[in-house]
Amino acid sequence: MIDLSMLNPEQLQPTLDTEGVVVVSAGAGSGKTRLLTYRICHLIEDQKVDPSNILAITFTNKATREMKDRIASMLPNQADKVWISTFHSMCVRILRENISHIEGYNRFFTIYDTQDKDKIITRILKSHENMDESIKKKVLYHMASLKNEGMSIEEYQRLNCADKDIEDVMTIIREYTQQLHLCNALDFDDLLTKTLELFKTCPDVLAYYQEKFRYIHVDEFQDTNTVQYTLTKMLCDKYGNLFVVGDEDQSIYGWRGANIENIRNILKDFPHVKVYKLEQNYRSTKTIIETANKLIKNNTARIDKTLWTDNEQGDKITYYSASDESDEAEYVARIIANKIREGYDYSDFAILSRVSALTMQFEQKLLTYNLPYIVYGNTKFFDRVEIKNTLGYLRVIANIADNESLARIINFPRRGIGSTSIEQLLNLSSRYQVSMWEILTHPDVYDIKNALKHKIQPFVDLVTDLQQKLDTMDLVDFVSYVVKVARIKEEYAEDTEENLNRKLNIDALLENINSFAHNNENATIYDYLESVTLESSIEQDDPDDHNKVIVSTVHAVKGLEFKVVFIVGCEDGLFPISRALDSEEEMEEERRLMYVALTRAEKKCYLVRAKSRFLYGKRQNTMESKFIREMGLSQPQVQRVRDFQWENFATQTTTATDTLGKFKINQQEKKNFQEFQIGTMVSHIKFGIGTIISIERLGDTSYAKIDFVGLGVKTLALNIAPLKIVK
DNA sequence: CTCGAGCTCTTTTCT
DNA sequence: AGAGCTCGAG
């Protein structure tokens with residue numbers, strides 16, 4: 001029996017209500033994930049439902065992992081059999097099994113990312129001399145919305161015939177579709193629409209999954225788009241057991257086609273639907289909930305719902321207006337350092353920002369203060385050209401029809417095949433509707449000039465060799481082999497800092513693959529490529545990552561919670577983002593985003609802004625975020641200064657004994673400071689041995705510039721950095 | 001075909 | 001500011 005005593009009556013009812021369509025409108029922190037996990041465990045353990053008959057769809061990979069872990073901790077042997085995944089990975093799994101029913105596709109299809117998509121469209125646009133590249137935006141927009149809505153090209157064109165460019169736009173979309181078809185490739189949106197197409201054209205396949213998924217759960221339902229909702233409806237058509245959880249106030253994916261209307265649609269589409277409401281918050285203090293409510297009330301387009309809590313009133317929300325971005329980061333890092341001394345864990349803190357570009361400042365300061373951290377949603381690594389190119393080899397081996405990747409690696413490392421030749425090859429490919437590989441391997445058939453032919457041959461031999469070696473090696477060995485025989489590092493032989501970096505990145509990639517293989521037994525290149533494309537960040541399940549400060553965008557921490565949350569960059573134009581300033585609709589989404597950010601906090605929330613910020617290569621004065629005003633946190637200048645001091649000395653003003661304890665520590669440290677002088681040799685846990693080259697006093701803290709062997713100069717705060725003097 | 005100088009554009013967010 | 005891209009010279 002599953003012990004359901006952890007659930008309150010509000011949560012218990014929908015947990016036990018296992019049959020039919022159930023909608024739960026669950027406010028932030030109302031125990032939605034707990035409800036979902038208990039319900040699934042209850043189905044398996046008490047209702048004796050076979051775990052392989054249960055589907056649970058979450059919105060991000062992080063949420064997937066979280067739910068898997070939770071279920072595994074309750075039912076260790078059963079969790080693996082439940083399908084827990086995002087819509088996208090569910091569709092990939094279904095398509096890998098069944099896509100051969102769609103003419104021209106096979107199970108080794110490649111998933112094209114946004115960059116691939118962009119490149120293809122640009123190329124197609126260029127091939128049409130009469131078309132202006134300025135319609136590219138329109139193409140992307142229309143293509144996204146037609147796919148999000150799950151419409152056919154014809155249907156969409158009929159509905160949008162008013163647009164004067166629609167003919168051209170549709171021509172490009174058609175050619176793009178044809179191109180992907182030729183390459184046995186699907187883009188992100190295709191994963192959903194092709195699954196829909198498959199279900200529509202192959203009743204057998206649909207019937208199989210309808211039979212399989214007797215109990216379907218969808219988390220974050222407010223963020224589903226039309227195709228996702230259609231897929232869900234089709235899947236539950238046989239057994240009719242659908243359980244969705246959502247919160248309108250947390251809908252933050254409008255830009256991806258999310259349709260809040262789906263919550264209302266479900267009430268229309270299923271007449272016997274049962275609706276539950278969870279309004280009690282178990283996560284946050286009264287202060288945080290009151291502030292969040294105050295903020296979200298400014299949105300007009302919402303069903304009125306008021307979150308409440310029995311938790312303590314808690315600390316006031318602190319608003320700090322820093323002088324610039326360095327001060328902003330300094331402020332945050334200091335507070336964390338102080339609280340760590342009070343006994344907090346690193347993982348109790350999250351630094352949240354609207355845009356990922358802001359994280360660097362914080363990384364630097366956290367490093368200075370020796371606070372371990374992890375950055376979420378950091379896609380940059382896989383965007384590097386050396387990484388893309390190396391992975392290009394894997395993609396070509398995985399799917400030889402993948403023109404995009406083939407074009408990427410045919411001259412990497414350099415083989416004297418320039419862009420003109422590549423263009424030519426791609427043109428032939430689309431003219432004859434054969435893959436580029438087909439042309440490369442039959443140069444005479446396609447009239448390839450001798451000079452080019454001779455350059456192509458070694459490349460063809462290389463790829464052929466790799467194809468043959470694939471089956472004889474495991475993932476890790478194979479990739480090392482690729483790097484070796486393709487002579488990838490030789491491309492970066494010249495001894496420059498940039499080249500050194502690129503080589504280090506390739507090593508990091510090998511390391512990443514190694515740890516992937518470690519975490520996923522018998523992983524193939526297909527598995528690895530899939531995880532790389534579908535997951536935006538690098539985190540593998542590294543046990544070292546568990547106790548670290550989180551630095552993240554707000555989007556990426558949806559569904560997570562932290563004791564202390566810092567929301568940084570609270571400025572008009574940044575949060576809310578500038579794009580939203582002249583659109584009420586987008587402004588409401590920004591407000592929901594701020595609401596999500598606030599409600600991540602359990603105990604304490606800090607809102608921070610920089611009065612002056614360096615952005616777009618310029619230093620600019622900023623305006624306080626309008627949300628600060630809406631939350632009633634604007635303060636006169638003097639008040640802010642006092643607040644800051646209070647934070648800094650918080651550790652000394654709490655209780656008498658505490659003060660004494662901290663005071664002692666400070667005295668101790670002060671004494672030590674004098675031993676640090678210019679020229680002193682020191683050792684640091686992370687950076688190793690270094691020499692102090694300067695010491696600067698700023699307020700109550702001394703900062704030393706230290707030249708670390710092999711690492712260069714770093715600035716560290718002497719009272720905090722773990723430094724030892726080397727004799 | 002390759003390289004370098006000069007130009008542009010950047011920053012939404014995740015799959 | 002810094003990366004990525006375009007264009008012209010070798």
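So that the names make sense, note that chain A is the first sequence line, chain B the second, and so on, each numbered from 1. Given the structure is predicted, the values throughout are model-derived calculations rather than measurements.
Screening A/Glu571, A/Glu325, A/Gln361 for a side-chain hydrogen bond (donor to acceptor under 3.5 Å, both in side chains) with A/Arg613, the sole residue that qualifies is A/Glu571.
For A/Ser421, the side-chain atoms get nearest to B/dC1 when compared with the rest of C/dA1, B/dC1, B/dT12. Which of B/dT13, B/dC1, B/dT15 sits closest to the side chain of A/Thr420 comes down to B/dC1. Minimum atom distance to the side chain of A/Arg354 is reached by B/dT13, of the listed C/dT6, B/dC14, B/dT13. Here B/dT2 is the nucleotide among C/dA1, B/dT2, B/dT12 with the atom lying nearest to any side-chain atom of A/Asn411. Distance from the side chain of A/Phe614 is smallest to C/dA1 among C/dA1, B/dT12, B/dT15. Closest approach to the A/Lys455 side chain among B/dT12, B/dC1, B/dT15 is made by B/dC1 (side chain taken as heavy atoms from C-beta onward). Distances were taken from every side-chain heavy atom of A/Tyr253 (C-beta onward) to each of B/dC14, B/dT15, B/dT12; the shortest belongs to B/dC14.
Residue order along DNA chain B, read from the 5' end via each residue's closest nucleotide, puts A/Ser419 first among A/Glu586 and A/Ser419.
For A/Thr553 and B/dC14, the shortest distance from a side-chain N or O to OP1 or OP2 is below 4.0 Å. Phosphate contact (OP1/OP2 of B/dT15, side-chain N/O of A/Asn225, threshold under 4.0 Å): absent. OP1 or OP2 of B/dT13 lies within a sub-4.0 Å distance of a side-chain N or O belonging to A/Ser356. Residue A/Asn61 places at least one side-chain N or O closer than 4.0 Å to OP1 or OP2 of B/dT15.
Side-chain contact between A/Asn399 and A/Phe109 is absent, with no heavy atoms from C-beta onward closer than 4.5 Å. The shortest distance between side-chain heavy atoms of A/Ser625 and A/Pro576 falls below 4.5 Å.
One can place NZ of A/Lys618 at 13 Å from P of B/dT10, the figure rounded to the nearest angstrom. Distance A/Arg415 CZ to B/dT2 C1': 16 Å, rounded to the nearest Å. Following rounding to the nearest Å, A/Phe188 (CZ) and B/dT13 (P) show an atom-to-atom distance of 14 Å. Following rounding to the nearest Å, A/Ile417 (CD1) and B/dC1 (P) show an atom-to-atom distance of 9 Å. The nearest whole Å value for the distance from the CD atom in A/Gln361 to the P atom in C/dA1 is 15 Å. With rounding to whole Å, A/Glu386 atom CD is found 14 Å from C/dG4 atom C1'. Regarding A/Lys117, its NZ atom lies at a distance of 16 Å from the P atom of B/dC14, rounded to whole Å. Between A/Tyr595 atom OH and B/dT13 atom P there is a gap of 24 Å when expressed in whole angstrom units.
Going from the C1' atom of B/dT13 to that of C/dG2 covers 23 Å, rounded to whole Å.
The aromatic ring of A/Trp255 is stacked on the base of B/dT13, with the two ring centres less than 5.5 Å apart and the planes inclined by under 30°.
The distance between the ring centers of A/Tyr253 and A/Phe59 falls below 6.0 angstrom.
A/Ile111 comes within contact range of no nucleotide atom at all, as no heavy-atom separation falls under 4.0 Å. Within 4.0 Å (heavy atoms only), A/Phe87 reaches no atom of the nucleic acid at all.
Taking the six-membered ring where the residue is Trp, A/Phe516 and A/Tyr528 present perpendicular rings, their angle passing 60° and hence far from 30°.
Remark: A/Arg123 fails to qualify as a cation-pi partner of A/Tyr176 under the 6.0 Å distance and 45° angle criteria applied to the six-membered ring.
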